[in-house]
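Notes for the one structure printed next.
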Amino acid sequence: MKQLRTVRGVQDILPAQYKYFKAVVDTASLWAERYGFKAMSLPIIEKEEVFKRPLGETSDIISKEMFTLENRDKGEKIILRPEATASIARSFLQHGLQHNLPQKLYYWGPMFRYERPQKGRLRQFNQFGVEFLGVDDPYQDVEIISLGYNLLKALGLENDVELHINTLGDTASRSAFREALVTYFQSVKSGLSEDSLKRLEVNPLRILDSKNEGDQKLCQQAPKFDAYLSKTSKMHFDRVCNGLKILGIKYIHKSNLVRGLDYYCHTVFEFSTKKLGSQGAVLAGGRYDGLTSYMGGQPVEAFGWAAGIERLMMLLEENKTFNLKKERCIGVIPLDENAEIPCWKIAQKLRQEGFSVDILWKGTMGKRLKKLDKANVDIAILMGEDEQSVNKVMIKFLKESRQELASIDTLAAFLKI
RNA sequence: GCGGGCGUAGCUCAGGUGGUUAGAGCACCAGAUUGUGGCUCUGGGGGCCGUGGGUUCAAGUCCCAUCGUUCGCCCCA
């Protein structure tokens, strides 16, 4: 029989890696809560419409990366969510959260995109995200970016990433600029690369960050966004930059930073790394004031970001400067049959006292100690005939190569020191 | 979706121009060690050489396809 394996582009995360995954989620949750965000959970399946308009029909995610399902009884189309910001907006409207602004929400969970797999790019991957709804002050943009910064710093990754920011302006500025770009690039169309010809149709702003040399040359002569930015857009962005300076967060203004999703406006940013090949973005987001109105609700100003948990996990694994929390754990070894039940009771009691305890029922003492040593366990508790006769156990401190007898009744107190 | 590299033991990898029973290190198991782990030594188990087809007297090795992975493009977390 053929060996069963995971489907393309998805992965198991075994305990050896999961500890890093958990470190990312725990650290991110901790920091989100320090900023006043509240956790919530969203479904993995949604109606297609939740994403279609907000992300844009022509976006890659909608046009070619959706996992679709059929809802059997109604024949309606269901999709596996490709991201969660639109889900948040849907949930926000569904439950009337706009009546209690602002809302600070965070979530994490799997997302699905039908892409060509690569290192750091999976078809099922996990994102951790925060969304701040009901705020228009540019300093709040900075506040949320600083949460991302603090998270990366807490993970010991601040030297692995760069912060890139840009503004997409308001709708009017952006469409004026877009028009100017289209006019310009139409006039030099013959010099554009094949990819950029497509971009000209789908997302002309994208031509600006083309890696093609010919495109880049043409871009030098292209209209500049600055000339089309409205006064308020400019002020917004200046204030964001100023806020970052106030908090001492280094950034690079990349005027060609564009997001592929329609719902973004004004500030967009990404923390990106060079250590993951072409999958550089580890934590990215921006402002999306119009998102709720795409769904038929009142417009609500909002700012948020999402981080790729697996990408951060990979950086963490490589970096090694991050200290994983390790609980002190104990292994209990009954040396003969008579010791089994007393040992079991001891283990139960210690667990109730808050210790992590494993019982090793079988094997020679040497084998069992060896197992504990390999598992990096701190303390072994041994009980054989000798100990039982005096109502004690042997406590072995594996890291310190010493052991001493301890009374069973006062064991928990003894170990807590 | 497009172009390139790579798939040999659980892991990391050797296996010139095709030629006996496919190797190493680490890991695993057992013993040296019948109440004491780490160190050392000795032995052992493990392989449809990713899969399918083809060329050949003969394929881990060459060819084709396919799947997976990886790098770049695209895109993105």
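Since we're looking at a predicted model, the values are computed, not measured. Every chain is numbered from 1 and lettered A, B, ... according to where its sequence line falls, protein lines coming before strand lines.
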_Base versus backbone protein contacts along nucleotides 37-46 of chain B [heavy-atom cut-off under 4.0 Å; B, S, -]_ = BB--------
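The list of salt bridge (Lys or Arg N to Asp or Glu O under 4.0 Å) pairs with a residue in residues 79-92 of chain A, not counting sequence neighbours, reads A/Glu46-A/Arg90. The salt bridge (Lys or Arg N to Asp or Glu O under 4.0 Å) pairs that include a residue from residues 239-255 of chain A are A/Asp137-A/Arg239, where partners are two or more places apart or lie in different chains.
Minimum atom distance to the side chain of A/Gln403 is reached by B/rU36, of the listed B/rC74, B/rU36, B/rG35. Here B/rC76 is the nucleotide among B/rC76, B/rU69, B/rG35 with the atom lying nearest to any side-chain atom of A/Arg206. The side chain of A/Ala306 approaches B/rA77 more closely than any other nucleotide in the set B/rC74, B/rA77, B/rU70.
For the residue pair A/Ser193/A/Asp215, the side-chain donor-acceptor check at 3.5 Å is satisfied. Counted by atom type alone, A/Asn212 and A/Lys217 present zero donor-acceptor pairs between their side chains at under 3.5 Å. A/Tyr288 and A/Glu131 share a donor-acceptor pair across their side chains, judged by distance under 3.5 Å alone. Inspection of the A/Ser29 and A/Asp26 side chains reveals no N or O donor paired with an N or O acceptor under 3.5 Å.
Between A/Glu49 and A/Arg53 there is no salt bridge, since none of the side-chain N atoms of the basic residue sits less than 4.0 Å from a carboxylate O of the acidic one.
One C1' atom belongs to B/rG60, the other to B/rG15, and the distance between them is 8 Å to the nearest Å.
When the side-chain nitrogen and oxygen atoms of A/Arg8 are compared with OP1 and OP2 of B/rG68, one or more of them lie within a distance under 4.0 Å. Remark: A/Lys119 is not in phosphate contact with B/rU69, judged by side-chain N or O atoms under 4.0 Å from OP1 or OP2. Remark: A/Arg368 is not in phosphate contact with B/rG35, judged by side-chain N or O atoms under 4.0 Å from OP1 or OP2.
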Can you tabulate the close N/O pairs, meaning under 3.5 Å, that link protein atoms to atoms of nucleotides 2-9 of chain B?
from  : atom 1 : to       : atom 2 : distance (Å)
B/rC2 : N4     : A/Arg116 : NH1    : 3.1
B/rG3 : O6     : A/Arg116 : NH2    : 3.1

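Side-chain atoms of A/Arg199 and base atoms of B/rC74 include no donor and acceptor less than 3.5 Å apart.
As judged by a 4.0 angstrom heavy-atom cut-off over every strand, A/Gln118 is placed among the base-contacting residues.
With both pairing distances under 3.5 Å, B/rC28 is matched to B/rG44 as a Watson-Crick or G-U wobble pair.
Checked against salt bridge (Lys or Arg N to Asp or Glu O under 4.0 Å), A/Arg123 has no partners two or more places apart in sequence or in another chain.
For the segment residues 34-69 of chain A, the set of residues with a heavy atom within less than 4.0 Å of an atom of RNA chain B comprises A/Asp60, A/Glu65, in numerical order.
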